[in-house]
Number of protein chains: 2
Amino acid sequence: MVTNTRPRSAGAFGAIADPTRRAILDLLRTGDLCAGDLARQFPVSRPAIAKHVRILRSAGLLREHRRAQQRIYSLDPAALGEIDNWLAPYRLFWAARLTDLKQLLESTENRND
Amino acid sequence: MVTNTRPRSAGAFGAIADPTRRAILDLLRTGDLCAGDLARQFPVSRPAIAKHVRILRSAGLLREHRRAQQRIYSLDPAALGEIDNWLAPYRLFWAARLTDLKQLLESTENRND
DNA sequence: GCGTAGCGTAACCACATGGTTACAAATACC
DNA sequence: GGTATTTGTAACCATGTGGTTACGCTACGC
């Protein structure tokens, strides 16, 4: 019996379920942004973005630090590891991708040291 | 402007957002199951599972074939590639962080003992 | 000190979502 | 053919979710 204590405070899986939140993460990948600049990238209101940011933060995907009145948000993708881990056994199914990943990691190592 | 045509028919990201649906996929990873056997693994009603299965199927993650009155469900994890692809650039990110962390840890070890 | 810029929160609303029970359809069994 | 088994669908309900507008707080500029 898979007794399923539903966490109801989403976590990473819930956080990336929404396309707007994924777009926020994608944007932040290119550099930090303050709340206003972030919100200006989307066709929805600033409070709506604030709520998404709140969810992303509670999922541990965003860090916030303040500069003057601004709140600067930066990516903290470590929490995506949960998803990556869950995905891992399925990745066996499409083994061809594994070599891609290996190459990716190798090139990263090269770039990084 | 990230103009965000919300698909509202979930897709893989929405499909794996629910813990029950992830558990269904995990179960199916060990072998095919008919609807009844599947439902018996969970503390919710059979129709609830049927709805989850429907969502997983429309996300392309499950295949169904019939045997007598039974519907046998089998995993088709190819659609998880969408998630894997989205995750890829972040994997770079935390690979970079990991080496940063490694360096940090090494220098800390040196300082610390 | 005072106006203004930047931003989160509260209150509210429409609708999606996950669950339930009741029912109907298809297939095996005798 | 009649009955039991297996299963999806319909109808309904409570709650979650993403959006809005209105408001309040904090920090700079002068």
Side-chain angles (χ1 to χ4, degrees), chain A residues 1-28 32-59 61-74, chain B residues 1-28 32-59 61-74:
Chain A
M1 178 75 101
V2 182
T3 158
N4 217 342
T5 58
R6 314 196 269 107
R8 273 300 161 249
S9 43
F13 286 98
I16 68 160
D18 184 272
T20 301
R21 287 195 288 269
R22 287 199 300 278
I24 290 175
L25 294 178
D26 288 342
L27 269 176
L28 253 34
D32 297 358
L33 281 176
C34 69
D37 288 346
L38 201 51
R40 264 181 285 278
Q41 307 295 317
F42 295 90
V44 298
S45 70
R46 203 181 43 67
I49 298 299
K51 289 216 279 186
H52 284 306
V53 163
R54 187 181 180 76
I55 291 171
L56 288 169
R57 256 187 9 118
S58 82
L61 287 165
L62 254 54
R63 277 198 210 295
E64 170 189 299
H65 81 272
R66 309 190 181 187
R67 186 174 56 193
Q69 320 101 304
Q70 296 185 329
R71 316 243 177 147
I72 313 292
Y73 293 104
S74 53
Chain B
M1 178 74 100
V2 183
T3 156
N4 218 341
T5 57
R6 313 193 273 108
R8 274 300 159 248
S9 45
F13 286 98
I16 68 161
D18 185 272
T20 301
R21 286 195 289 268
R22 287 199 300 278
I24 290 176
L25 294 179
D26 288 341
L27 269 177
L28 254 33
D32 297 0
L33 282 176
C34 69
D37 289 346
L38 199 51
R40 265 182 284 279
Q41 307 295 318
F42 296 90
V44 299
S45 70
R46 203 181 42 68
I49 298 298
K51 291 217 278 186
H52 284 306
V53 164
R54 187 181 180 76
I55 290 170
L56 288 168
R57 257 187 9 120
S58 81
L61 287 165
L62 253 56
R63 278 199 210 292
E64 169 189 299
H65 81 272
R66 310 190 180 187
R67 186 174 56 192
Q69 321 100 304
Q70 296 184 331
R71 316 240 179 151
I72 314 293
Y73 293 104
S74 55

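Here the structure is a predicted model, which means the values were calculated and not measured. Numbers restart at 1 for each chain; the letters A, B, ... are given by sequence-line order, proteins then strands.
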Nucleotides 1-6 of chain D: which of its N/O atoms have a protein N/O under 3.5 Å away?
residue : atom : partner : partner atom : Å
D/dT5   : O2   : B/Gln69 : NE2          : 3.3

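- Rounded to whole angstrom, the span from the CD1 atom of A/Ile49 across to the P atom of D/dT21 amounts to 14 Å.
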Short N/O separations, protein against nucleotides 9-14 of chain D, under 3.5 angstrom:
residue : atom : partner : partner atom : Å
D/dT9   : OP1  : B/Arg54 : NH1          : 3.3
D/dT9   : OP2  : B/Arg54 : NH1          : 3.2

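- Look at CG on A/Leu56: it is 13 Å from P on C/dG8, rounded to the nearest Å.
- Atoms CZ (A/Phe42) and P (D/dT20) sit 13 Å apart, rounded to a whole Å.
- Whole-Å rounding puts the B/His52 NE2 to C/dT20 C1' distance at 12 Å.
- Using a 4.0 Å heavy-atom cutoff across all strands shown, B/Ala48 reaches at least one base atom of the nucleic acid.
- One can place CD of A/Glu64 at 13 Å from C1' of C/dT9, the figure rounded to the nearest angstrom.
- OP1 or OP2 of C/dT20 sits under 4.0 Å from a side-chain N or O of B/Ser45.
- Listed pair B/Arg21 / C/dG18 meets the phosphate criterion, a side-chain N or O lying under 4.0 Å from OP1 or OP2.
- Summarising the geometry, the separation between CZ on A/Phe13 and P on C/dG18 is reported as 15 Å, rounded to the nearest angstrom.
- Note: CZ (A/Arg66) to P (D/dA27) measures 8 Å, nearest angstrom.
- The separation between B/Leu38 atom CG and D/dT7 atom P is 10 Å, rounded to whole Å.
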